[in-house]
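In what follows, a single structure is set out as structure tokens and then discussed.
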Amino acid sequence: MQQTNIKNAYEHNHYPDERGHFGDYGGKFVPENLMAVLAELEAAYKDAQQDPAFQEELKRELSSYVGRPTTLHYVPRFSERVGKNVKIYLKREDLAHTGAHKINNALGQGMLAKRMGKKRIIAETGAGQHGVATATICAKLGLDCIIYMGEVDIQRQSLNVFRMKLLGAEVRSVNSGTKTLKDAINEAIRDWVTNVETTFYMFGTAAGPAPYPRIVRDFQAVIGIEARQQIMQQEGRLPDSIYACIGGGSNAIGIFYPFADAPEVKLIGVEAGGSSMEEGQHASTLVAGRPGVLHGAMSYLLQSDDGQILDTHSISAGLDYPGVGPEHSYMKDTGRATYVSANDATALKGLEVLSRTEGIIPALESAHAIGYVLEQGEQGNIPEGSLIVINLSGRGDKDMMTVAKAFNVQL
Ligand SMILES: *Cc1c(COP(=O)(O)O)cnc(C)c1O
């Protein structure tokens, strides 16, 4: 393994600290009556972490229900398009049950809720992917499930709404604000404040108040733990770089974190560049935002000069969020990870090329990372002989209507 002297905060420390801070980011910016319930969650999580029976059961379910380990799959024809002697591997989260990484977190939190004796589960969803994962786990574990979803998203994602209902969930329409994901989160928090005794809030990404960013990261870290073992087995060395798309940041932190103590591995997060980098036309929070408080935590945010949360746009609903998890803000400021943006056209191109060279149709979210690497290769920015891992966070089936429309095809 390559030796290096680069100093790296993750070499000697573990984050977050005991107050849930990642440097200046994270924390708990919530109403007073949620402080106690966050403390209860934190204690229950610590307890579960240290309980071998819980860990064993989680491992067993990840294997037989979710289908882990997912493969680390070499894509030679795509690699050739990127550059000379470049070797690209995909971490195939698209092969996980329900078709994306979100199930890893939903399973973990569902088991935690059950352990805490909470039988009523609430969750937010944007595109519906976290809603589907939550409804799936609630069906499996016999828990009541209520999903908050913006009215606009309900219209756009009717298939996922039907899927959640089929799985036994109640879908509640949110009509405030822009009627999208951030409003659904506000509404779910309101429900939680009112029903703390009975209710577990299953948060879908590595954001929100402490301890959520840490809990979600830990449940998603299985991606990076597997990938690290697999690349060592298959290549006998760590990769030069790892790419992942960023919405709230859960699939990215899941694959980044187990490599964070190895400074020779470059970590690159790819945000949604939307239709342009003008205000309101993209969702590149770390590239174009500045720190502020949203949904209970301090982190980078897309906000106007007077602190109003800006509208966002992305062709992929899963990246369409004006905030980001606090650990990514910390990784950006410390330079441990780099954040870039890829626009709608780049994502569509990535989706098309991966489909045609490898027979894998990626989710539009993941296609941002795929398309970014492809473009960097075409521009001569990927060094010859590079060993690269891209996190393929999900499969593209859910996006076929959107892609058809973008290509002007009538279905
Ligand atoms: C939800 C989703 C994302 C974005 O969420 P993160 O928390 O940033 O991972 C990315 N890819 C897929 C397939 C998704 O469903």
Side-chain angles (χ1 to χ4, degrees), residues 4-27 91 101 105 203 205-225 227-228 238-273 283-302 319 321-342 365 368-369 372-373 388-391 393:
T4 170
N5 293 320
I6 302 168
K7 278 284 162 242
N8 165 19
Y10 280 90
E11 271 179 306
H12 304 296
N13 296 308
H14 292 281
Y15 292 91
D17 65 19
E18 68 287 347
R19 290 181 312 149
H21 288 222
F22 302 85
D24 293 337
Y25 302 105
K91 183 57 176 160
H101 68 291
N105 170 53
F203 202 71
T205 189
Y212 281 107
R214 190 254 172 85
I215 292 179
V216 176
R217 177 198 70 196
D218 290 355
F219 286 136
Q220 293 293 3
V222 67
I223 303 171
I225 292 168
R228 193 166 171 154
L238 293 177
D240 299 305
S241 50
I242 300 177
Y243 293 80
C245 66
I246 308 242
S250 72
N251 86 87
I253 203 69
I255 195 162
F256 287 178
Y257 184 69
F259 291 90
D261 67 347
E264 67 269 33
V265 181
K266 288 198 194 84
L267 307 174
I268 299 113
V270 184
E271 298 192 304
S284 297
T285 309
L286 289 157
V287 168
R290 57 199 168 77
V293 172
L294 176 68
H295 298 140
M298 171 71 75
S299 197
Y300 275 77
L301 263 189
L302 287 171
L319 302 186
Y321 179 57
V324 69
E327 192 160 10
H328 288 296
S329 294
Y330 178 70
M331 284 187 157
K332 173 187 162 86
D333 284 7
T334 56
R336 180 61 193 94
T338 309
Y339 297 89
V340 297
S341 95
E365 289 85 1
H368 283 74
Y372 182 81
V373 172
I388 295 171
V389 173
I390 305 175
N391 199 18
S393 54

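A distance of 14.5 Å separates NZ of K91 from CD1 of I390, quoted to the nearest 0.5 Å. Interatomic distance, CZ of F259 versus CD1 of I225, reported as 10.0 Å (0.5 Å rounding). Rounded to the nearest 0.5 angstrom, L302 CG and T285 OG1 are separated by 4.0 Å.
Here the closest non-hydrogen pair linking Q220 and N105 is NE2-CB, 3.5 Å. Heavy-atom minimum distance, G208 versus A297: O-CB, 3.3 Å. Here the shortest heavy-atom pairing between A342 and V270 reads CB-CG1, 3.7 Å. Minimum interatomic distance between A337 and Y339 (heavy atoms only, all atoms of both residues): CB-OH, 3.4 Å. Of all the heavy atoms in A262 and L238, the pair that sits closest is CB-CD1, 3.8 Å. Pairing each heavy atom of M331 with each of A260, the nearest pair is CE-CB, 4.1 Å.
Remark: R336 fails to qualify as a cation-pi partner of Y330 under the 6.0 Å distance and 45° angle criteria applied to the six-membered ring.
Listed by chain and number, the residues in a side chain to side chain donor-acceptor pair (under 3.5 Å) with S393 are S366 (sequence neighbours excluded). Under the rule for a side chain to side chain donor-acceptor pair (under 3.5 Å), the partners of E365 that lie at least two apart in sequence or sit in another chain are K398. Here P326 pairs with F22, Y25, P213, S299 under the side-chain contact (heavy atoms from CB on, under 4.5 Å) rule; sequence neighbours left out. Every residue was checked against the side-chain contact (heavy atoms from CB on, under 4.5 Å) condition with D24, not counting sequence neighbours, and none meets it. Residues satisfying the side-chain contact (heavy atoms from CB on, under 4.5 Å) test with A283, not counting sequence neighbours, are A272, T312.
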Evaluate side-chain contact (heavy atoms from CB on, under 4.5 Å) for T338 paired with K266, printing each intermediate quantity in order.
CA-CA 8 Å; T338 309; K266 288 198 194 84; over 6 Å; no
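Sorted by first then second residue, the salt bridge (charged side-chain N to carboxylate O under 4.0 Å, His left out) pairs that include residues 212-223, not counting sequence neighbours, are R214-D218, R217-E327.
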What pairs of donor and acceptor atoms, side-chain ones from residues 241-256 against any protein atom, are under 3.5 angstrom apart with sequence neighbours left out?
from, atom 1, to, atom 2, distance (Å)
S250, OG, H101, NE2, 3.1
N251, OD1, N391, ND2, 3.0
N251, ND2, C245, O, 3.1

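Checked by atom type, the side-chain pair Y212/H295 shows no donor-acceptor distance below 3.5 Å.
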